[in-house]
Amino acid sequence: MSYAYLFKYIIIGDTGVGKSCLLLQFTDKRFQHVHDLTIGVEFGSRMVSINDRQIKLQIWDTAGQESFRSITRSYYRGAAGALLVYDITRRETFEHLSSWLEDARQHANPNMTIMLIGNKSDVAHKRQVSREEGEEFAREHGLVFLETSAKTSDNVEEAFINTASVICEKIDDGLDVSNESHGIKVGYGAGGTGANQGGFVNPGAAPRVGGGGGAAGQCC
Amino acid sequence: ETASRRSKRWQAYREGKPLPDDLSHEQTRVSRPDGALKTLMRKGVPHDLRPKVWIAASGAASKKLRAPRAYYKRLRSLPVEKAVRDQVDIDLIRTFPENSRYNTEVGREILRRVLLAYARHNPGTGYCQGMNYVGAFLWLVLRDEEMVFWVMVCLLDDICQPGVHAPDIRGTISEYRVLHGLLATREPRLQRHFEKTETDLVMIASKWLLCFFTESLPPESAARVLDAVFSEGFKVWFRVCLAMLKLNESELLKCDSLPDTMQLLQNSF
């Protein structure tokens, strides 16, 4: 299937906050109550449509344990978006956000869009972090914020799609999509320069003759 | 049929010479079972003999003998960091979630005790994800809690290269560097392709080492790998990696991105 852009995402956050469950809910629309823990990294992808543009999301789901930080850091390179996840029922996962953010700022490109996610909103009776605290942290650090439930799927679509919308806005505002470190690849459908570079060409799709130029600049 | 031939071979061997409790030569840590026994172990240990052979060949039996009295039990009185305890607690249920032989209340409780005992025994390493799969797998084979601990100690402390499960997994990172170095001489085409596509195997397949294949291969294959590891040492791990990559060489050469390579390797086994 052809797409206008490919965005690389990374999901980060403490161990057991539900990173893999969010990904599974988003890519497969299902919830696994008991899920294998992630050793190293897992991967998923899905197409989304933003203002009639097909966008392919390539999502790296990383291990949360501290030991894996050095491996995780290499995934920041070339990521356009990050989902920084904490668990609203475990206060310490919220308190570790600063150290995750520091890692992200240090190893990612400065244009990376970061979405802060308070997961497990369905377990309200065990809540240890209020919504206001999440909002406050997001405001302070210039992040987009949502509370989600990977279990009920509440806000899961929004988390991934709103991040893509923000990235699209950045492209419209002139973010250089030909710079690989920005985590964006131009697909065939966009007809932009670089359309047949990077091995993402779909041989089945007809080439858009003369569709270059303006198309790539108007993502959304 | 293969299994029955295997059992017969082992029976013939044991009639000539009873299996000793200790097959390893701990003083040198280099020489391990050789000759007929090495060949037998390479071809696979029969199910019913596996616990005895693993305990003997890994060095667990003699390690236990040389340890202070009731070492495993007495470890319990030592403190363990809260962070380690919390991490272990989160991971118990997420280990082989579909395996009904391990994933019961009893199984999880045993794994908790073994992992915490290891963290107390080796506080510098503590607990690193991956050890949970190794521990659960050993328990499924050995069915003896204390021997799971001792075999794990031998595997992680003596047989494995140092630092594989260190708090920054530096041992794992360096072993994958060695693996890429081996690829350069053994499978240069593949290594050149990995370099061209910026594929670093530690980024996509660190679990091969952290879990010792117990999470990546079908159980009997993973057990066969450990049969050979206990008999011949850590080099077997490299051989298995090289074989897994070689088997997929033509497909791997077609993958030009990290996600493609990762999916291919995950779906092949």
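Throughout, a chain's letter reflects where its sequence line sits, starting with A, and its residues are numbered from 1. Computed from a predicted model, the values in this text were never measured in an experiment.
Ion pairing between Glu180(A) and Arg77(A) fails under the 4.0 Å rule for side-chain N and carboxylate O. By the 4.0 Å N-to-carboxylate-O rule, Arg113(B) lies too far from Glu146(B) to be salt-bridged with it. In summary, Glu92(A) and Lys82(B) do not engage in a salt bridge, as defined by a charged side-chain N under 4.0 Å from a carboxylate O. Salt-bridge check for Glu220(B) with Arg224(B): failed, with every basic side-chain N at 4.0 Å or more from each acidic carboxylate O. Residues Asp158(B) and Lys63(B) are paired through a salt bridge, judged by an N-O separation under 4.0 Å between the basic side chain and the carboxylate. Salt-bridge formation is detected for the pair Lys29(A)/Glu157(A): a Lys NZ or Arg NE/NH1/NH2 atom is positioned less than 4.0 Å from an Asp or Glu carboxylate oxygen. Taking a cutoff of 4.0 Å between a charged side-chain nitrogen and a carboxylate oxygen, Glu42(A) and Lys19(A) do not qualify as a salt bridge.
When all heavy atoms of Trp208(B) and Trp237(B) are compared, the closest pair comes out as O-NE1, 3.2 Å.
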Kindly determine whether Leu111(B) and Thr95(B) satisfy side-chain contact (heavy atoms from CB on, under 4.5 Å), including the steps that lead there. CA-CA 10 Å; Leu111(B) 186 62; Thr95(B) 307; 4.3 Å; yes
Quick one: do Ile11(A) and Leu23(A) satisfy side-chain contact (heavy atoms from CB on, under 4.5 Å)? Show the steps, please. CA-CA 8 Å; Ile11(A) 312 181; Leu23(A) 177 60; 4.1 Å; yes
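Between the His165(B) side chain and the Leu210(B) main chain, a donor and an acceptor come within less than 3.5 Å of each other.
Interface residue Asn132(B): only side-chain heavy atoms are found under 4.5 Å from chain A. Proximity to chain B is limited to the backbone of Thr38(A), based on heavy atoms less than 4.5 angstrom apart. Residue contact with chain A, scored on non-hydrogen atoms closer than 4.5 Å, involves the backbone and the side chain of Pro259(B) alike. Contact annotation for Gln87(B): only side-chain heavy atoms (C-beta onward) come within less than 4.5 Å of a heavy atom of chain A.
Most heavy-atom pairs under 4.5 Å with chain A: of the set Gln129(B), Glu98(B), Gln266(B), this distinction falls to Gln129(B). Ranked by heavy-atom pairs shorter than 4.5 Å toward chain B, the options Val41(A), Ile71(A), Thr15(A) are led by Thr15(A). No other option in Gly44(A), Gly16(A), Gly40(A), Ala63(A) has as many heavy-atom pairs under 4.5 Å with chain B as Gly16(A).
Here CD1 of Ile159(B) is found 10.5 Å from CZ of Phe234(B). Values are rounded to the nearest 0.5 Å. Rounding to the nearest 0.5 Å places CG of Leu6(A) at 12.5 Å from CD of Gln54(A).
Under a cut-off of 6.0 angstrom, the local environment of CZ in Arg91(A) is crowded, with over 12 non-hydrogen atoms contributed by other residues, nucleotides or ligands. Around atom CD of Glu81(B), no more than 12 heavy atoms belonging to other residues, nucleotides or ligands sit under 6.0 Å away.
By a heavy-atom distance cut of under 4.5 Å, Ile169(B), Ile173(B) are the residues of residues 169-185 of chain B near chain A, going up by number. Contact residues of residues 187-204 of chain B toward chain A are Glu198(B), Val202(B), Met203(B), Ile204(B) (heavy-atom distance under 4.5 Å). Within residues 100-111 of chain A, no residue approaches chain B closer than 4.5 Å by heavy atoms.
Among residues at least two apart or in separate chains, salt bridge (Lys or Arg N to Asp or Glu O under 4.0 Å) pairs with a member in residues 111-124 of chain A are Asp87(A)-Lys120(A).
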